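Structure record follows, encoded as structure tokens.
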Protein chains: 2
Amino acid sequence: MGGRQRPTIKTVAARAGVGRTTVSRVINGSDLVSDKARAAVLAAIAELKYVPNSVARGLVTSRTDSIALVIPESESRLGSEPYFSAVIRGVSTGLAATRTQLQLVLVRDQGELDQLTDTVATRRVDGVLLVSVHADDPLPGLLEEMGLPTVLAGRRSSCESLSHVHSDNAGGAAAAVRHLMARGRRTIATIAGPQDMDVGRGRLGGWREALTGAGREPDGLVAVSDFTEEGGERAMARLLADAPGLDAVFAASDVMAAGALLELRRQGRRVPEDVAVVGFEDSIIARHTNPPLTSVRQPVEEIGETIARVLLEEIADPDAPRRHLVLPTELIVRASS
Amino acid sequence: MGGRQRPTIKTVAARAGVGRTTVSRVINGSDLVSDKARAAVLAAIAELKYVPNSVARGLVTSRTDSIALVIPESESRLGSEPYFSAVIRGVSTGLAATRTQLQLVLVRDQGELDQLTDTVATRRVDGVLLVSVHADDPLPGLLEEMGLPTVLAGRRSSCESLSHVHSDNAGGAAAAVRHLMARGRRTIATIAGPQDMDVGRGRLGGWREALTGAGREPDGLVAVSDFTEEGGERAMARLLADAPGLDAVFAASDVMAAGALLELRRQGRRVPEDVAVVGFEDSIIARHTNPPLTSVRQPVEEIGETIARVLLEEIADPDAPRRHLVLPTELIVRASS
DNA sequence: GGCACCTTTGGGAACGTTCCCACCGTACAT
DNA sequence: ATGTACGGTGGGAACGTTCCCAAAGGTGCC
């Protein structure tokens, strides 16, 4: 069953009484076709339930109508899952109106990275979406060198040459700090993200800027961590040891903030009475911590949608200048501050 | 740059001083090649950095070395995200050793379902993985009819004809109930999942079986809900209204259990003193509720890995009998019971 | 020494498209 | 009436691979 041979463009052409080329033109929406021929072809297509073979098409056009979304698997674990789910959803939305397929690549180790390079080399995808890039990540450079359209969510550094989209990390962090100051907090520490990632540096920068801008002294109130919950706990412990008098913490991610909450409770500090806590991302986690977490919302789904859109544009016109988009953040105030 | 034409199999053949076919044989691991020829070909491949064009290969072999993972987007939202992340990770693991690519399809609405049908019709994938199937889902039947290898995580009903993998829903639920009875609970209610899904029915069945098996009366202690947190809250409210004396609840998912916890607290019941709560899945959520949630762990990543493996087998041998695997669950006891 | 057989090899065809180009009318300007 | 232009059309070639088949070269046996 289903063994009946699929119709090809030739079958359709014969049925419609026209040539292959005319059928191809109808399919691809060329307007150099008479209404009569077009009608005949469309009828034949419907009758035969013809669907063009995209592999054959890909062979001659050397386009595959598919893009790859690359996610470092180490970071798809732990608490950062909601981020990736949202990005995936956004990308899928951005692709919805097109016939572009989404290929998901979880990069686990060097072996899979090689495999990915092959995938790319063999031109199985028209472009690549990269998420969660580190400063020393070899992949972006590799893709750039191969001339394959590439868009990053985030960036390697502030002078990123590839197209990229990210949220206003510094601005969001600064808003969080100003909110804490407005609430009368005196000593505002921060749990920063990895400093080999621009997100990490950007949020730390925003925190520092807001403090110095208000004439405060940020020294000694930074604990650099790794975006994990355990990391957040350890960082909070360090901060409490270094600055027992702190009355507020800005964590560069919700997950780390959740860890911080655990450590604060363990040490008998009340939130928000003794210490106010603000996170970053406004993932579902923020609504479920105890107490619910004030957080800087970043439009993750929109980031996904945007990188997809930008990539499609870049595929369509590879010579267009690279894009660099910053999406706004918004402070969502809850009980923790 | 990178504009230098990619080498084809012809280039390699010329460089190695052999015919196209010999190169093809070396690439595909045929043993009808002399050692000398093989060495020459391998050298040429390395020298030219040749990578076979998989699109061209796909055209002639009508295999694409890629499979689709289909996820209903409505269910990728809400709290069920950790489930999908884990499945994706598992599938990716199951594919790691092969050159099979993973295509992710989020099905939002009818339009995208049509698009998916096209994708499948046009043979852009060798097989399909289906997650979270409902009893009346048209897709599985469609795929079956097209003769495309398909594996389900879950099943439409207990007499599923397609290959499928699921965890021991009834057994896990029964274990949860027995645990609650062992803790001395007298009135054990349940928040069940959608009854048009086998997971929902299976877990409800396990709960009922364990109770009647112990000579207890399960009547009137069921609230059917929808796997969402809000649904869990509403169901809990209904149960408390119907049976104010209940002292335990088994929820068919962690997310619904989290909702139940909220409602219990709202109504001033202490957990676990007044009411014990057990969830199902043991996702990250379980570790983060207040109090931490006792839950039936299902090996989600392993499910993903297994469906991938089974699908690959089915693609390799389409006439092999369909598989039906049940993976064991394990009760993880925490503070909520 | 000839015949059959097996190993190794390479060229032709095919997969289903799109693109290039040449062709045929018809209409319009000269 | 002839030339020019252009909308519409279809056939040939190409994309890069695999598969089929035929042929070349060697080996062993009668």
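Predicted, not measured: the structure shown is a model, and the values here were computed from it. Below, each value reflects all heavy atoms present in this structure, side chains not excepted, and no hydrogens, waters or symmetry copies. Protein chains get the first letters and strands the later ones, always in sequence-line order, with residue 1 at the start of each.
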| message | Between B/T22 (side chain only) and B/V18 (backbone N and O only), is there a donor and an acceptor less than 3.5 Å apart? | response | no

| request: Tell me which of B/A56 and B/G19 sits closer to the 5' end of DNA chain C, going by the nucleotide each one is nearest to. | output: B/G19

| Is there a donor-acceptor pair closer than 3.5 Å between any side-chain N or O of A/N28 and the backbone N or O of A/S30? | no

| Rounded to the nearest Å, what distance is computed from the CG atom of residue B/N53 to the P atom of nucleotide D/dG16? | 7 Å

| query | Is there side-chain contact between B/H324 and B/R155, with heavy atoms separated by less than 4.5 Å? | reply | yes

| message | We want to know whether A/T93 and B/R108 form a side-chain donor-acceptor pair, criterion being a heavy-atom distance below 3.5 angstrom. | response | yes

| Given C/dT8, C/dT17, D/dT18, the nucleotide with the shortest approach to the side chain of B/L32 | C/dT8

| field | Bending between helix ends of the helix from C/dG1-D/dC30 to C/dT30-D/dA1 [5 pairs per end, 10° resolution] | value | 60°

| A/L59, nearest nucleotide to its side chain (from C/dG12, D/dC15, C/dG10) | D/dC15

| query | Does a donor on one side chain sit under 3.5 Å from an acceptor on the other, for A/Q103 and B/S66? | reply | no

| request: Keeping the roles fixed (side chain from A/E160, backbone from A/R156), state whether a donor-acceptor pair exists under 3.5 Å. | output: yes

| Once you round it to whole Å, what is the distance between P of C/dT18 and CG of A/D65? | 11 Å

| Rounded distance (nearest 0.5 Å) linking atom CZ of A/R6 with atom CG of A/L48 | 11.0 Å

| Between C/dA13 (P) and B/K10 (NZ): distance, integer Å | 13 Å

| message | Using the side-chain heavy atoms of B/R20, tell me which of these nucleotides is nearest: C/dT8, C/dT18, D/dT18. | response | D/dT18

| Under-3.5 Å donor-acceptor pair between A/R6 side chain and C/dG16 base | no

| Quick one: which of C/dT9, D/dG16, C/dT18 gets closest to the side chain of B/V60? | D/dG16

| said: At 4.0 Å (heavy atoms only), tell me whether A/D35 reaches a base, stays on the sugar-phosphate, or touches nothing. | reply: nothing

| request: Determine yes or no for a side-chain-to-main-chain donor-acceptor pair under 3.5 angstrom, with A/T64 supplying the side chain and A/R124 the backbone. | output: yes

| request: Look at all strands and tell whether A/V55 reaches a base, only sugar-phosphate, or nothing, counting heavy atoms closer than 4.0 Å. | output: nothing

| task | Please work out which residues in residues 36-52 of chain A have a non-hydrogen atom less than 4.0 Å from an atom of DNA chain C and list them by number. | result | A/Y50, A/P52

| request: May I ask you to check whether B/T150 and B/E144 show a side-chain donor-acceptor distance below 3.5 Å? | output: no

| query | Are the side chain of A/S54 and the backbone N or O of A/R57 linked by a donor-acceptor pair below 3.5 Å? | reply | no

| Just by distance, with hydrogens left out, do B/T100 and B/D65 show a side-chain donor and acceptor under 3.5 Å apart? | no

| side-chain N/O B/R57 vs D/dT18 OP1/OP2, d < 4.0 Å | yes

| request: Write down the distance between CD1 (B/I9) and P (C/dG11), rounded to a whole number of angstrom. | output: 13 Å

| field | Side-chain (B/S24) to main-chain (B/R20) donor-acceptor, under 3.5 angstrom | value | no

| In residues 21-29 of chain B, which residues come under 4.0 Å of DNA chain C by heavy atom? | B/T21, B/T22, B/R25

